[in-house]
Amino acid sequence: MSKGSFLSASIGRKFFMSITGLFLVMFIIVHLSLNLLLIFDDKGELFNMAAHFMATNPLIKIMEPVLALGFVIHIVWSIVITIQNMRARPVGYNKTNQSVNSTWVSRNMFILGGLILVFLGLHIYSFWWKMKITGDPLLSHVTVMQAGVPVEMENAYKLVSTLFKESLFYSLIHIAGGILLGLHITHGFWSAFQTIGLNNQIWRKRFFVVAQIIGLVFAIGFSVIPLYFMIKF
Amino acid sequence: MADIILKKLYIKVWRQNSPKEKGRFETYEIENISQGSSFLEMLDILNDKLILEGIDPIAFDHDCREGICGMCSLYINGRAHGPDREITTCQLHMRKFNEGDTITIEPWRAGAFPVIKDLIVDRTAFEKIQQAGGFVSVNTGGIPDGNAIPIGQDDAEEAMDAAACIGCGACVATCKNSSAMLFVAAKVSQLAKLPQGKVEAKRRARNMVAKMDELGFGGCTNTGACELECPKSISISHIARLNREYLAAKFSE
Ligand code: HEM
Ligand code: SF4
Ligand code: FES
């Protein structure tokens, strides 16, 4: 296969967008599932155990750089594709009426993605950065009984719950992030299958419905967590 | 029923003398247009008036005026082929407009479709994509026996649906990326579903996509706008097939 031409071809680029996009969706499903433990156990033991497992499991250690790479490819390619697509119409229309033939989300994937990226920066800074790099007094170790054995681990629950309880700003930002991601996925998920070529008349409708559901689950799932801490405490 | 007469309309139209010259919008007034007349008849009437006034008539493409040749283009009030579904501009009627309306008419906008004059754009790019692989290279010989090559009903239908594409370019004009994917997908699909086309399927997908990219069309982001504005309702499921054909061709290289 002539790699150069595939990487620069329109369909080749989209292929990488869709593969990385679907990979990110899988990550988000795992991420959301674990995070929802935050609201099912007010002592925080479940969440701390899950976070501890993720931080110590060798497979997850390998997946971390892969995930970062997935993000980088997805974002870099989205920039390249968007510039290329804008160049294809050097003189624009005076009047357009696009709302009759396509959804706002499908036309603004790059804007949505860009906003998600801004959110991501803040999100990484407030959690990942503190857990992995700088540390934080809130994280001071707790002991959790795991299968009858006491295990010492970081109190990630304390860090997360304190932030949401104390900062309305962070809570709102996280709700917005969840909604933006949900919107991005309502188009992105079915679009990825179209790009890979796994669609036909029937499956297209099914993937579209699934995309709406996943988008809704992401938006609600991620919003519920800060809302829970805002309302309950 | 007597036709309703539109007493006055304002036609805001793109005027550009040549590919190199800068264009501009001009607004012309036109009176007493029957709602029963077609959009192109309205433009004919306007052009007659302009000629009498010593103004250069508006250049626009048209040929069959019955929705089969794909020549008529025109981006009307923000939509390819105007405010109606599944039609070409020549099939658009003035009953879609109201008294006193300002109607904005622009040429197809895409880097790959440069303006020749006024509303006429150069769609040779489509020809070039076709020449890159949109054919079957065999001598067909005499008329073969109808049932010599059995083809399933579903495959035949899919191929015929794709073959309905008239190469008008509304998909490119509509797409926010000026992508030609629907056109290319139709041209690949109409052959990919048939045994005669399968032999060259890989080469065809690869070469037509390469040509499409080379000519400066944008990429597909699956907004689905093309399908809804296509006068022949070519489905974007053909785009999925094109992606499939192309990826299969590339991965088997
Ligand atoms: C962080 C910044 C992000 C940016 C800048 C971004 C940008 C984009 C852009 C421009 C597209 C192409 C739009 C289109 O094809 O219509 C896209 C598609 C997609 N994105 Fe994102 N995105 C980001 C994050 C994410 C995340 C976190 C996920 C997953 C949870 C994701 C999943 C997808 C999927 C599945 C597609 C569809 C690919 C396709 O159309 O073939 N994106 N993204
Ligand atoms: S796919 Fe539809 S809109 Fe595009 S050129 Fe063919 S007939 Fe015209
Ligand atoms: S003039 Fe032939 S399709 Fe409109």
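Just so it is clear: chains get the letters A, B, ... in the order the sequence lines come, proteins before strands, and each one is counted from 1.
Within the model, atoms CD of B:E229 and OG of A:S102 stand 9.0 Å from one another, a figure rounded to the nearest 0.5 Å. Note that OG1 of A:T96 and CG of B:N77 are 11.5 Å apart. Values are rounded to the nearest 0.5 Å. Distance check: B:D213 CG to A:R13 CZ gives 8.0 Å after rounding to the nearest 0.5 Å. Annotation: the span from A:N97 atom CG to B:R79 atom CZ amounts to 6.5 Å, rounded to 0.5 Å.
Of the two parts of A:V105, neither the backbone nor the side chain holds a non-hydrogen atom closer than 4.5 Å to a non-hydrogen atom of chain B. There is no contact between B:A210 and chain A, counting heavy-atom distances below 4.5 Å. For B:F25, the part lying under 4.5 angstrom from a heavy atom of chain A is the side chain only. Contacts between B:R85 and chain A at a heavy-atom distance below 4.5 Å involve the side chain alone, from C-beta outward. If you measure heavy-atom distances from B:I239 to chain A, the contacts under 4.5 Å come from both the backbone and the side chain. Interface remark: B:V115 contributes no atoms to any contact with chain A (heavy atom separation under 4.5 Å). Looking at A:W203, neither its backbone nor its side chain comes within 4.5 Å of chain B, counting heavy atoms on both sides.
Between chain A and the residues B:G224, B:A248, B:G23, B:C175, the most heavy-atom pairs under 4.5 angstrom are made by B:C175. If you tally non-hydrogen atom pairs under 4.5 Å between each of B:A225, B:A112, B:G218, B:A110 and chain A, the highest count goes to B:A225. Between chain B and the options A:R87, A:Q84, A:Q194, heavy-atom pairs under 4.5 Å are most frequent for A:Q194.
Between A:I11 and B:M181 the shortest side-chain heavy-atom distance falls below 4.5 Å. You'll find the side chain of B:N243 stays beyond 4.5 Å of the side chain of A:K14, heavy atoms only. Side-chain contact between A:R89 and B:N177: absent, with no pair of heavy atoms (C-beta onward) separated by less than 4.5 Å.
The two residues A:N199 and B:R244 have their closest heavy-atom pair at O-NH1, 3.1 Å. Taking every heavy atom of both residues into account, A:Y93 and B:E106 meet most closely at CA-OE1, 3.2 Å.
Of the N and O atoms on the side chains of A:N200 and B:S237, not one donor lies less than 3.5 Å from an acceptor on the other residue. There is no side-chain donor-acceptor pair under 3.5 Å between B:T223 and A:R107. Checking B:K12 against A:N94 by side-chain atom types alone, a donor-acceptor pair falls below 3.5 Å.
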- Quick one: do B:N222 and A:T195 satisfy side chain to side chain donor-acceptor pair (under 3.5 Å)? Show the steps, please. CA-CA 8 Å; B:N222 305 324; A:T195 301; 3.2 Å; yes

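Under the side chain to side chain contact (heavy atoms under 4.5 Å, CB included) criterion, A:Y125 pairs with A:W129, A:Y170, sequence neighbours left out.
Aromatic ring centroids of B:F251 and A:F15 lie under 6.0 Å apart.
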